[in-house]
Q: 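Encoded as structure tokens, here's the structure I'll be asking about.
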Protein chains: 4
Amino acid sequence: MKKNKPKYNMIIEAAVKVIAENGYHASQVSKIAKKAGVADGTIYLYFKNKEDILVSVFEEKMGQFIEQIKVAIMDKADAHEKLLTLIRMHFEQLAADHHLAIVTQLELRQSNLGLRRQINRVLKPYLDVIDAIIEQGVEEKTYQTDLTSPLARQMIFGTLDEMVTNWVMKEEKYDLVSQAEAVHRLLIHGLQAK
Amino acid sequence: MKKNKPKYNMIIEAAVKVIAENGYHASQVSKIAKKAGVADGTIYLYFKNKEDILVSVFEEKMGQFIEQIKVAIMDKADAHEKLLTLIRMHFEQLAADHHLAIVTQLELRQSNLGLRRQINRVLKPYLDVIDAIIEQGVEEKTYQTDLTSPLARQMIFGTLDEMVTNWVMKEEKYDLVSQAEAVHRLLIHGLQAK
Amino acid sequence: MKKNKPKYNMIIEAAVKVIAENGYHASQVSKIAKKAGVADGTIYLYFKNKEDILVSVFEEKMGQFIEQIKVAIMDKADAHEKLLTLIRMHFEQLAADHHLAIVTQLELRQSNLGLRRQINRVLKPYLDVIDAIIEQGVEEKTYQTDLTSPLARQMIFGTLDEMVTNWVMKEEKYDLVSQAEAVHRLLIHGLQAK
Amino acid sequence: MKKNKPKYNMIIEAAVKVIAENGYHASQVSKIAKKAGVADGTIYLYFKNKEDILVSVFEEKMGQFIEQIKVAIMDKADAHEKLLTLIRMHFEQLAADHHLAIVTQLELRQSNLGLRRQINRVLKPYLDVIDAIIEQGVEEKTYQTDLTSPLARQMIFGTLDEMVTNWVMKEEKYDLVSQAEAVHRLLIHGLQAK
DNA sequence: TATGAATGAGATTTCATTCAT
DNA sequence: GATGAATGAAATCTCATTCAT
């Protein structure tokens, strides 16, 4: 978060709302400027171009998202508790911010390859957090020792992401957060009968 | 697949290639027409509008994709074998068709909510196949009896989808198909140490 | 009316209906062909191009329109009766054919200068009929002797045309034919008090 | 006329010229923009769409047209003088502006029903002026006391409109203004011999 | 004669970005 | 820093007309 740049933040917040309400392609720069209460040209004093607004939105929001999870995980003792906390917070944060959920799960995907790569870079620290939990689990012998981290991480992230997307597509009609424990159990024990 | 409509298929095939190579938004109708060897106007004899091309591409290709998997699964005896076959074929088919992989994992997501819903409708039969496997597994007592199908299905589909997307984003630098067994094991046993 | 050319007439009749119902610019050749029950290409066996359809529609319909008026006037003795008959029949014929009224008063005017000139040529015989009545009236000393024919004709035709157009624009909500006598009186005596 | 909007007026003036020279349908927005010395997009800062240019042209020009006539009539004493002035000015103004004459008599009629209704609304104040003259004439006992205003107005306007259209169609080869007195006499006394 | 699938030119409008004030 | 009027490139889709059958 750029300090002492009130307009910067006003534009970021306006962008999230406008994109969530209108969809990515109907979110003209002029609409964002209007919602932010600045002139169109002012946008370009703070952002290189329209794409840069989007990346910045994701950076700011994802930065906070990941930070919250990191803090919450910090004082959990083992991988089990950490993973459960991560899942719960992943769901909680998106369930708490309707606009953000729409933007991250639907609108931000409507972008070209270049933008997708930038988004992936922003996402990297989150994937690192997941990797760290997996490694800790392996060291604790809670998780399988032959677990390849990328594979396990893709299962975890893929599952969470698919769940949130489904929930958004279903117009958030059901409770997402209450499923955190079940998801955790399923990821830990897999499909098989005990 | 519409029979006796050679132009229809020529346009579908051209569209997959052009979209994969240029991205959806840089895929002008005229570019698709040229690649298909027809006039621009001819496109509109077979498709309502540009978006309809994209949906039709997905319908045709996904139809074949699902059909292949259904056939391959048919003669497998138990849920375990069926799931492994599904995973393997999911990876194999996308690995075998570079253009299709890009279109389904990246370009198709660049669409508005309306289009997303149409895509989900096309995807539904595939999710039904996964659900059927899960139910069979539960009946066979291979899978947990308290397994809620939507949750398990979202884990399975989410994991496969995330893996393919990652692989496409990494420019298909590594072998996807060879990971099928490991993914299957992970989905079955989960993260925990045995 | 071309004899022994049933398709020619089917196309003419279809064109009047399609233009009246959809307006000139929404009357595609394919729509006229469909209404006529022929293939698009068949149109071009009978008409040079789309504009030719329009001119032909006007020729055929105006031909009948004028012929009817000529016949009705023939056995009227003096200019007064002839003019009254012309006015009444002008109103009657258009009031009796809703589609024709729309086409002549509104849709056919939506054309370029070239088409307008052709339409004027078709209209010429009607203007000649009016001129003949005026000349007869002058000879009979019923009308002013210093009457310049073009001027009087423009007053007569302009008045009738304006009245019909107004009536069509007002969606034919009132009775046009019953105004014939009043119009005739006004044209004969002018605005002044007697 | 919008004040302090130089571009608005530049576009209006350019539109009249371009439409008169090329016809409405061959008057591409880019052509109007070029003649006005602005970018294509600038047109859309001042007009909703292409049709709006046409309506606005008519509003501006007709507004001035009517205003001039109103002013000229104001200090005329009786209905006779007022009507003669109206006829003379109607002819004079259109004869003085070649482009405007073409646009109002020919190009403006090439429009769909919706546009026609808008044009009629703009024309309404002019028809009101004519109605007022008729009423005054009736009160003065100069005109017939049983004169129905709409009928008389349609004769007056229909005659003037037909005369100007004919003159434009004949490529303005003869003098229109010099016919004002004769038209006035004819409208007042009608066709009959004195 | 009749068909109708195929053609392809052509124009409106949007909107990210700039730059003079 | 802030403004917002102006720019102008770019692409979908329509529809009159053709021509091989």
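Since the structure is predicted, the reported quantities are computational estimates derived from the model, not experimental observations. Throughout, a chain's letter reflects where its sequence line sits, starting with A, and its residues are numbered from 1.
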Q: What's the CE-C1' distance between B/Met10 and E/dA6, to the nearest Å?
A: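 Rounding to the nearest Å, CE of B/Met10 and C1' of E/dA6 are 12 Å apart.
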
Q: Taking salt bridge (Lys or Arg N to Asp or Glu O under 4.0 Å) as the cut-off, I'd like each qualifying pair that reaches into residues 16-34 of chain B, sequence neighbours left out, listed once.
A: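 Pairs touching residues 16-34 of chain B that pass the test: B/Glu21-B/Lys35.
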
Q: Check the distance between F/dA11's P and B/Ile53's CD1 and give it to me in whole angstrom.
A: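 Rounded to the whole Å, the gap is 15 Å.
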
Q: Sequence neighbours left out, what passes side chain to side chain donor-acceptor pair (under 3.5 Å) with A/Arg109? Give chain and number order.
A: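 With neighbours one apart ignored, the set is A/Asp161.
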
Q: Quick one: CD1 on A/Ile12 to CD1 on A/Ile53, what's the gap to the nearest 0.5 Å?
A: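 Interatomic distance, A/Ile12 CD1 to A/Ile53 CD1, rounded to 0.5 Å: 8.0 Å.
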
Q: Measure the distance from CD1 on A/Ile43 to C1' on F/dG1 and round it to the nearest whole Å.
A: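 About 15 Å, once rounded to whole Å.
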
Q: Which residues pass the side chain to side chain donor-acceptor pair (under 3.5 Å) test with A/Lys61, sequence neighbours left out?
A: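 Partners of A/Lys61 by the side chain to side chain donor-acceptor pair (under 3.5 Å) criterion, ordered by chain and then number, come out as A/Glu13.
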
Q: Between B/Thr42 and B/Val38, is there a donor-acceptor pair closer than 3.5 Å when you use the side chain of the first and the backbone of the second?
A: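 Absent.
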
Q: Give each stem of DNA chain E as a range with a range, requiring at least 3 consecutive Watson-Crick or G-U wobble pairs whose two distances are under 3.5 Å.
A: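 Output for stems: E:2-21 with F:2-21.
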
Q: Output the rounded distance in Å from CZ (B/Phe47) to P (F/dT12).
A: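 The answer, rounded to whole Å, is 15 Å.
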
Q: Closest nucleotide of DNA chain F for A/Lys7 versus for D/Leu45: which of these residues is on the 5' side?
A: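 Checking each residue's closest nucleotide, the 5'-ward one belongs to A/Lys7.
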
Q: List for me each residue that meets side chain to side chain donor-acceptor pair (under 3.5 Å) alongside A/Glu67, sequence neighbours excluded, and say none if there are none.
A: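 Scan of A/Glu67 (side chain to side chain donor-acceptor pair (under 3.5 Å), adjacent residues dropped) gives none.
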
Q: Going by side-chain contact (heavy atoms from CB on, under 4.5 Å), name the residues that satisfy it together with C/Tyr44, two or more places apart in sequence or in a different chain.
A: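 Scan of C/Tyr44 (side-chain contact (heavy atoms from CB on, under 4.5 Å), adjacent residues dropped) gives C/Val29.
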
Q: Round to the nearest Å and state the distance from B/Tyr24 atom OH to F/dA11 atom P.
A: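 It works out to 13 Å between those atoms.
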
Q: Taking E/dT1 as the reference, what is the distance to F/dT21 when you measure between their C1' atoms (whole Å, please)?
A: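 Here F/dT21 and E/dT1 have their C1' atoms 13 Å from each other.
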
Q: In B/S/- notation, 5' to 3', how is nucleotides 16-21 of chain E contacted by protein heavy atoms closer than 4.0 Å?
A: SBB---

Q: Look at the side-chain N and O atoms of B/Lys34 and state whether any lies under 4.0 Å from the OP1 or OP2 oxygen of E/dT7.
A: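 For B/Lys34, the contact criterion (side-chain N or O under 4.0 Å from OP1 or OP2 of E/dT7) is not met.
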
Q: Can you sort out the partners of C/Arg121 under side-chain contact (heavy atoms from CB on, under 4.5 Å), two or more places apart, ordered by chain and number?
A: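 Applying side-chain contact (heavy atoms from CB on, under 4.5 Å) to C/Arg121 gives C/Gln118.
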
Q: Strictly by ring-ring contact (aromatic ring centres under 6.0 Å, His included), give each pair with a member in residues 99-120 of chain B just once, sequence neighbours left out.
A: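 Sorted result for residues 99-120 of chain B: empty, none.
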
Q: Can you check the A/Ile11 CD1 to F/dG1 C1' distance for me, whole Å?
A: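 To the nearest whole Å, that distance equals 12 Å.
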
Q: Can you see if the side chain of B/Thr42 gets near the phosphate of E/dA6 - specifically, an N or O under 4.0 Å from OP1 or OP2?
A: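 Looking at the OP1 and OP2 atoms of E/dA6, neither is under 4.0 Å from any side-chain N or O of B/Thr42.
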
Q: Does a side-chain N or O from D/Tyr46 land closer than 4.0 Å to OP1 or OP2 of F/dA6, or not?
A: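 Yes, because at least one side-chain N or O of D/Tyr46 sits under 4.0 Å from OP1 or OP2 of F/dA6.
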
